[in-house]
Chemist: 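My questions will all concern the structure given below.
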There are 2 protein chains.
Amino acid sequence: MSAGDARSRKRAPGAAYDPRMAERPDPNDHPPRRSFIERARRAQIVEAATQVVAELGYAGTSLARIAEKAEISKSVITYHFESKDEILRLVVSQFFERAWAHMSGRVEAERTASGQVRAWIGAQLEFYAEHRAEFLAMSQIMANHRTPEGSPAFAGELTEEVDALTEILQRGQRDGEFRDFDARGVATIILRCADGVLGSWAIDDSTRLLDQIPALLDFVDHAIRR
Amino acid sequence: MSAGDARSRKRAPGAAYDPRMAERPDPNDHPPRRSFIERARRAQIVEAATQVVAELGYAGTSLARIAEKAEISKSVITYHFESKDEILRLVVSQFFERAWAHMSGRVEAERTASGQVRAWIGAQLEFYAEHRAEFLAMSQIMANHRTPEGSPAFAGELTEEVDALTEILQRGQRDGEFRDFDARGVATIILRCADGVLGSWAIDDSTRLLDQIPALLDFVDHAIRR
DNA sequence: CTACATTCGGTCCATGCGTACGGAAAAACG
DNA sequence: CGTTTTTCCGTACGCATGGACCGAATGTAG
């Protein structure tokens, strides 16, 4: 069996798979679960993995290359992490957490629905523009990572996003800001539209992403406004 | 052996990299370059590769799996093809050729710029909807395939597309059909927008792509019309 | 039979992820 | 301090898979 990362290795061998084992199941761990070194290493490794994926793509990413990038030995990685899968998932989830932290305030500060839509897209693209490598890594992983059975590993993440934007659009329709359209369909279109612009920036960084933002906001505005 | 690429193996070892060597450099090939069997095998293998990439993703695609899918031995592949790279490039280029063949007539039949834009998007999505596996394979390969040096292998393909649509938009502006905007930027947005909708369909085939087409056409129409 | 085209099984070498084990470093203990 | 114990990390290895390739069958045609 492949028991545990750092310490879980000495645990009872029953707990085969528990990605969220961090929350105390028993009270005999008053000090933080992870030592200082471990937290530092994990952060370093996730950071290195992000850079490697961004540069070499999903398929070009191996533990060996991550180790090389971080200038550590390969086994440091397998010591601190359960598997490559765990690392990649962290790259994605951390990026989303940070992105949403950046966006949520901006969106909630707006009163009107159209303001919120603009804030959403604007804040999102700004954040991505400032974190190009992280964005590239995230999108490579999202597009490629699969479960052992072969199905895409990240599917539900997008649904939540669509739901949230759909609500904003519907409110805008009730308030008469927007014309009549299928809110959910348009929410999908808007989000994927932003992704699309990001996609062209991803493969060609000469695209001045920040300059495109006003154009995109304008485009969307004309499309949905009454 | 003689000339082909099954046989090109005996060529001068200088020509290291030539993705577009297929077009006759000399006139001494009146009969088709490839035998019947070879053409059949190549088609079969490209077809199998398409299915494998669509199902297992780019990273999950190996010559072994392609062979398995085609129910042939692995070396039949390496006999008829120079490399895995050649196969993957064919999957992409054939898909584009067919898609463009489907679209070009529809676009050129329209007189107005806005009609052409609608025809473009509509025909594109319809074609993709009818060829889901090929689309999935193409998009996996486009997103992941890299040169040996690590840079994305398909970058220029998109530029051409943008150029063509940009011209249509500019004409529409001159004719007063469209409002004022940066044609190139909006062309990018429109194309990537369609890609985005396709992307959500790619990961979730419950999306009724054909139903989304009118919504998307409507969305774009409102966005660019005067 | 000779010549060439096609296919198969198997080999080769590189790389992948994960593990084993021993020693260094740090923390706990006396 | 010194010693023991735990944490941490490097070297080396295991086992599987990858793409490419080779030589020996087959098939096919003259």
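Letters A, B, ... are given to chains in the order of the sequence lines, protein chains preceding strands, and every chain is numbered from 1. As a basis for the values below, the full set of heavy atoms in this structure was taken, side chains included, without hydrogen atoms, waters or symmetry mates.
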Chemist: How many whole angstroms separate atom CD of A:E86 from atom P of C:dG18?
Modeler: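 Atom CD in A:E86 sits about 11 Å away from atom P in C:dG18.
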
Chemist: Rounded to the nearest angstrom, tell me the gap between atom CZ in B:F81 and atom C1' in D:dC21.
Modeler: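 Value for this atom pair: 17 Å.
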
Chemist: So, is B:H80 close to the C:dT7 phosphate, meaning a side-chain N or O under 4.0 Å from OP1 or OP2?
Modeler: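 So the side-chain polar atoms of B:H80 do come within 4.0 Å of the phosphate oxygens OP1 or OP2 of C:dT7, strictly under.
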
Chemist: Polar atoms only, N or O, under 3.5 Å: list the protein pairs with nucleotides 12-18 of chain D and their distances.
Modeler:
{"from": "D:dG18", "atom 1": "OP1", "to": "B:S62", "atom 2": "OG", "distance (Å)": "3.2"}

Chemist: Check whether more than 12 heavy atoms from other residues, nucleotides or ligands sit under 6.0 Å from atom CD of A:E167, and answer yes or no.
Modeler: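 12 or below, so no.
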
Chemist: Figure out the CD/C1' separation between B:E82 and D:dA20, and round it to whole Å.
Modeler: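 Atom-to-atom, B:E82 to D:dA20, this comes out as 11 Å.
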
Chemist: How many Å lie between CD1 on B:I77 and C1' on C:dG9, as a whole number?
Modeler: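 So the CD1-C1' distance, B:I77 to C:dG9, works out to 15 Å.
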
Chemist: Give the table of side-chain donor-acceptor pairs shorter than 3.5 Å for residues 185-195 of chain A, with sequence neighbours excluded, one pair per line with atom names and distance.
Modeler:
{"from": "A:T188", "atom 1": "OG1", "to": "A:R184", "atom 2": "O", "distance (Å)": "3.0"}
{"from": "A:R192", "atom 1": "NE", "to": "B:G196", "atom 2": "O", "distance (Å)": "3.4"}
{"from": "A:R192", "atom 1": "NH1", "to": "A:D195", "atom 2": "OD2", "distance (Å)": "2.3"}

Chemist: Provide, to the nearest angstrom, the distance between the CD atom belonging to A:E68 and the C1' atom belonging to D:dG10.
Modeler: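 From A:E68 CD to D:dG10 C1': 16 Å.
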
Chemist: Quick one: side chains of residues 90-100 of chain A, donor-acceptor pairs under 3.5 Å with protein atoms, not counting sequence neighbours, listed by atom name and distance.
Modeler:
{"from": "A:S93", "atom 1": "OG", "to": "A:R89", "atom 2": "O", "distance (Å)": "3.1"}
{"from": "A:S93", "atom 1": "OG", "to": "A:L90", "atom 2": "O", "distance (Å)": "3.4"}

Chemist: Under a 3.5 Å threshold, yes or no: a donor from one side chain and an acceptor from the other, between B:E149 and B:T147?
Modeler: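 Yes, because at least one side-chain N or O of B:E149 sits under 3.5 Å from a partner of the opposite role on B:T147.
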
Chemist: Nearest to the side chain of A:T78, which nucleotide is it out of D:dC9, D:dG10, C:dG18?
Modeler: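 Among the listed nucleotides, the one closest to the side chain of A:T78 is C:dG18.
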
Chemist: Can you tell me if A:Y79 touches the phosphate of D:dC9, counting only side-chain N or O atoms and a distance under 4.0 Å to OP1 or OP2?
Modeler: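 No, because none of the side-chain N or O atoms of A:Y79 sits under 4.0 Å from OP1 or OP2 of D:dC9.
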
Chemist: For the atom pair CG (A:L198) and CG (A:L125), what is the distance rounded to the nearest 0.5 Å?
Modeler: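 With rounding to 0.5 Å, CG (A:L198) is 5.0 Å from CG (A:L125).
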
Chemist: Give a yes or no answer on whether the side chain of A:H145 reaches the backbone of A:I141 with a donor-acceptor pair at less than 3.5 Å.
Modeler: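 Checking the backbone N and O of A:I141 against the side chain of A:H145, no donor-acceptor pair under 3.5 Å is found.
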
Chemist: Nearest-Å distance, CD (B:E38) to C1' (C:dC4)?
Modeler: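 In whole Å, C:dC4 C1' lies 14 Å from B:E38 CD.
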
